[in-house]
> 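I have a structure I would like to understand better, so I am pasting it below and will then ask my questions one at a time.
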Amino acid sequence: MVGNWKMYKTPTETKAFFDAFLPLVAESKHCEVAICPPFVNIPEAVAATRGTRVGVGAQNLYWKNEGAFTGEVSGPMIKATGAEWVIIGHSERRQFFGETGATVLERTKAALACGLKPIVCVGEMLEEREAGRTEAVLAEQVGGGHAQLDADSFAKVVIAYEPVWAIGTGKTATPDMAADAHRLLREMVTARFGAAMGAGVRILYGGSVKPDNVKSLMAQPEIDGALVGGASLEAGSFASIVNF
Ligand code: PEP
């Protein structure tokens with residue numbers, strides 16, 4: 001269960017979140033848990049979660065290790081903070097910041113090279129779904145991006161299926177819709193890397209996951225976990241999702 005805080009919270013608010021959140025999830029051992037705050041809050045989050053079962057991730061990284069790239073943050077810099085995860089190719093980055101399959105691939109390679117665990121997001125826009133293009137879009141995003149990794153590298157990638165029309169809109173994909181898309185993604189992985197990888201790849205669902213819909217989504221065997229935006233900002237609500 002991964003929380004994506006997007007561009008919310010200060011370091012002080014980060015500390016307050018973990019003070020409230022950690023006791024609420026101390027007993028639940030059934031899943032991995034991570035929070036991906038804005039870069040500036042990562043040190044606070046790492047300090048707060050040290051010795052707990054909650055991991056910390058970044059929301060992006062640049063693919064060069066260092067250099068004259070004003071405003072960018074590299075994998076080794078993130079890794080040095082103690083963070084373990086990194087979200088790559090979130091739809092907001094694809095829509096507003098020019099992310100493509102090629103840059104997703106570069107970022108994923110860079111994450112793996114420094115030992116960060118990538119969570120690579122894919123998902124169709126509403127007009128693509130309505131035009132019956134969901135499968136084609138997913139195939140393009142996966143095939144044009146991280147599926148170009150070698151098998152050993154791909155095995156370390158977590159995929160997040162996030163239909164863009166469901167992100168931050170309150171419109172969740174039905175459990176069946178989400179499961180259908182996850183099945184398509186597994187078929188693509190199977191076609192590229194074989195049945196064991198297709199069955200084993202971890203696929204999170206993201207898009208308006210809330211305490212009251214998480215159970216029905218997680219009841220789908222195709223769905224391995226959730227990437228949660230809005231509902232991860234409040235300790236009680238994200239704890240309810242973790243403890244579903
Ligand atoms: C996200 O940001 O990845 C996301 C799924 O957001 P929300 O849960 O708010 O729809």
Side-chain angles (χ1 to χ4, degrees), residues 1-9 13-14 17 21 25 31-39 41-42 45 54-61 83-97 99 104 107-108 111 116-126 128-129 134 137-138 141-142 145-146 157-175 177-179 181-182 185 202-218 220 222-244:
M1 293 298 187
V2 181
N4 170 20
W5 281 1
K6 312 192 187 205
M7 200 175 70
Y8 290 99
K9 293 195 193 291
E13 290 165 342
T14 298
F17 172 91
F21 177 68
V25 295
C31 64
E32 283 180 74
V33 183
I35 291 281
C36 302
F39 288 125
N41 299 334
I42 290 178
V54 177
V56 176
Q59 299 172 17
N60 191 22
L61 82 168
E84 293 168 69
W85 297 91
V86 60
I87 297 172
I88 296 174
H90 191 278
S91 66
E92 286 150 18
R93 300 220 58 89
R94 292 183 193 259
Q95 275 180 280
F96 309 131
F97 301 98
E99 189 84 73
V104 164
R107 291 187 215 280
T108 308
L116 288 170
K117 296 182 269 190
I119 300 165
V120 179
C121 304
V122 295
E124 79 288 355
M125 315 266 286
L126 182 59
E128 292 167 333
R129 175 164 280 267
T134 300
V137 169
L138 296 179
Q141 291 176 342
V142 174
H146 47 304
V157 172
V158 173
I159 297 177
Y161 168 63
E162 299 207 305
V164 179
W165 47 271
I167 297 179
T169 58
K171 287 185 199 152
T172 321
T174 65
M177 277 158 103
H182 284 215
L185 288 163
R202 291 198 289 177
I203 309 182
L204 312 181
Y205 167 76
S208 298
V209 175
K210 308 284 178 210
D212 62 1
N213 61 24
V214 64
K215 225 185 173 77
S216 58
L217 288 160
M218 292 306 299
Q220 294 285 343
E222 286 288 341
I223 301 180
D224 297 313
L227 180 54
V228 184
S232 71
L233 290 166
E234 200 271 310
S237 128
F238 192 49
S240 301
I241 289 173
V242 169
N243 295 329
F244 74 93

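Just so you know, residue 1 is the first one in the sequence shown, and it goes up from there. Whatever order the structure lists them in is the order used to number ligands and atoms, beginning at 1. Values reported hereafter were calculated over all heavy atoms of this structure, with side chains retained and with hydrogens, waters and symmetry mates removed.
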> Would one find an N or O of Gly206, backbone or side chain, under 3.5 Å from an N or O of ligand 1?
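No, there is no polar N/O contact under 3.5 Å.
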> As an exercise, identify every atom of ligand 1 less than 4.0 angstrom from a heavy atom of Gly207.
5 (C), 10 (O)
> Which residue and non-hydrogen atom of the protein lie closest to atom 2 (O) of ligand 1, and at what distance in Å?
Lys6 CE, 2.7 Å
> Could you check Glu222, Glu124, His182 and say which one makes a side chain to side chain donor-acceptor pair (under 3.5 Å) with Tyr161?
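Option passing the side chain to side chain donor-acceptor pair (under 3.5 Å) with Tyr161: Glu124.
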> Indicate the atoms forming the closest heavy-atom contact of Val228 with Val209, along with that distance.
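Between these two residues, the closest heavy atoms are CG1-O, 3.8 Å.
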> In Å, rounded to the nearest 0.5 Å, how long is the span from OG1 of Thr108 to CG of Leu61?
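Thr108 atom OG1 to Leu61 atom CG measures 8.0 Å (nearest 0.5 Å).
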> Suppose we measure from atom 5 (C) of ligand 1 to each protein heavy atom; which comes out shortest, and what is that distance?
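Here the nearest protein heavy atom works out to Glu162 OE2, 3.1 Å.
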> Is His90 near ligand 1, meaning one of its heavy atoms is under 4.0 Å from it?
yes
> Mind checking whether Val228 has an N or O less than 3.5 Å away from an N or O of ligand 1?
no
> Would you check whether Ser208 reaches within less than 4.0 Å of ligand 1, judged by its heavy atoms?
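A heavy atom of Ser208 does come that close to ligand 1.
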> Quick one: does Thr169 get an N or O within less than 3.5 Å of an N or O on ligand 1?
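No.
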> Quick check: do Val214 and Met1 have side-chain heavy atoms less than 4.5 Å from each other?
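The answer is yes; the side chains approach within 4.5 Å.
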> Would Ala166 count as a contact residue for ligand 1, given that I'm defining contact as a non-hydrogen atom of the residue lying under 4.0 Å from a ligand atom?
yes
> What I want to find out is whether Arg94 reaches Glu162 closely enough, with some N-O distance under 4.0 Å, to be called a salt bridge.
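Answer for the salt bridge query: no.
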> Show me which atoms of ligand 1 lie under 4.0 Å from any heavy atom of Gly168.
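Near Gly168, meaning under 4.0 Å from one of its heavy atoms, ligand 1 has 7 (P), 9 (O), 10 (O).
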> Any idea which heavy atoms bring Ala83 and Gly57 closest together, and the distance?
CB-CA, 4.4 Å
> For Ile88 and Ala111, work out which heavy atoms get closest and say how close.
CD1-CB, 4.1 Å
> Heavy-atom distances under 4.0 Å decide this one: backbone, side chain, both or neither, for Asn4 against ligand 1?
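The part of Asn4 near ligand 1 is the side chain, not the backbone.
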> Take the angle between the ring planes of Phe238 and Phe21 and call it parallel below 30°, perpendicular above 60°, tilted in between.
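Taking Phe21 first and then Phe238, their aromatic rings lie parallel (interplane angle under 30°).
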> Got the closest protein heavy atom to atom 9 (O) of ligand 1, with its distance?
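For atom 9 (O) of ligand 1, the nearest protein heavy atom comes out as Gly230 N, 2.8 Å.
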> Could you find the nearest protein heavy atom to atom 8 (O) of ligand 1 and give me its residue, atom name and distance?
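In this structure, atom 8 (O) of ligand 1 has Gly229 N, 2.8 Å as its nearest protein heavy atom.
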> Does atom OH (Tyr8) have a neighbourhood of more than 12 heavy atoms from anything else shown, all under 6.0 Å?
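No.
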